[in-house]
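The block underneath contains the structure these notes are about, expressed in structure tokens.
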Amino acid sequence: METENRYRGVATLIVVLFIAFFVVLETKLLVGGGSSSQAPGANGYNAGEYTGTGNGNNGEIKVKVVFSDTEIESVEILEHGESEGICEPAMEQVPEQIVSAQSSKVDGVSGATMTSNGIMQAVKDAMEQAAK
């Protein structure tokens, strides 16, 4: 009986570790960490203003991103077709978070997820253009 319980415990541990491995692997791939290439701007930026585009809930979102040699200085929404009354929190908060985090991967705004994702996508587009 004791041997049977030991085998059952070992088998359970193996299954849990197997599942955990694939959860971590899937999460890494979904977030984009599975790529061996560096993040845009990892080696600095070519200073200047760049325009990026991303897909929002109601079409294309266009942003202007200002870069110094080493960081994102500002993000400005230039054009969008997002729903008034819903998109404003994302339009205000996401650009601020991007500048603060120095990354296009920030938390989206609840209720305006597609708008948030579109802004992040547009900034990533600009970051790729400005990357050294």
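Bear in mind the structure is a predicted one, so any value in this text is a computation, not a measurement. Residue numbers run from 1 in the order of the sequence given.
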*Check step by step if side-chain hydrogen bond (donor to acceptor under 3.5 Å, both in side chains) holds for S83 and N57.*
CA-CA 8 Å; S83 301; N57 196 49; 5.1 Å; no
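The line from CD of E92 to SG of C87 is 9.0 Å long, rounded to the nearest 0.5 Å. Rounding to the nearest 0.5 Å gives a distance of 8.0 Å between OG of S116 and CD of Q93. Taking CD of Q121 as the reference point, atom CG of N55 lies at 4.5 Å (rounded to 0.5 Å).
Looking at heavy atoms from C-beta onward, E76 lies out of side-chain contact with V63 at the 4.5 angstrom threshold. When side chains are defined from C-beta on, E82 counts as touching M91, because their heavy atoms get closer than 4.5 Å. Considering only heavy atoms from C-beta on, E73 stays 4.5 Å or farther from V99 through its side chain. Between V109 and T113, every side-chain heavy-atom pair lies at or beyond the 4.5 Å cut-off.
Few gaps surround CG on D69; more than 12 heavy atoms of other groups in view lie less than 6.0 Å from it.
When all heavy atoms of I119 and A90 are compared, the pair lying nearest together is CD1-O, 3.6 Å. Minimum heavy-atom separation, A122 to G54: CB-N, 3.5 Å. Scanning all heavy atoms of the two residues, the minimum distance from S104 to V123 falls at CB-CG1, 4.2 Å. Residues Q97 and D107 come closest through the heavy atom pair OE1-O, 2.8 Å. In terms of heavy atoms, I61 sits closest to T115 at CD1-O, 3.7 Å. Considering every non-hydrogen atom in both P95 and I77, the closest pair reads CG-CD1, 4.1 Å.
Among residue pairs with one or both ends in residues 52-75, those qualifying as ring-ring contact (aromatic ring centres under 6.0 Å, His included) are Y45-F67, Y50-F67; sequence neighbours excluded.
Hydrophobic clustering (side-chain heavy atoms under 4.5 Å, transitive across Ile, Leu, Val, Met, Phe, Trp, Tyr) keeps M114 apart from M120.
Looking at E88, its side chain does come within 3.5 Å of a backbone N or O of G85 through a donor-acceptor pair.
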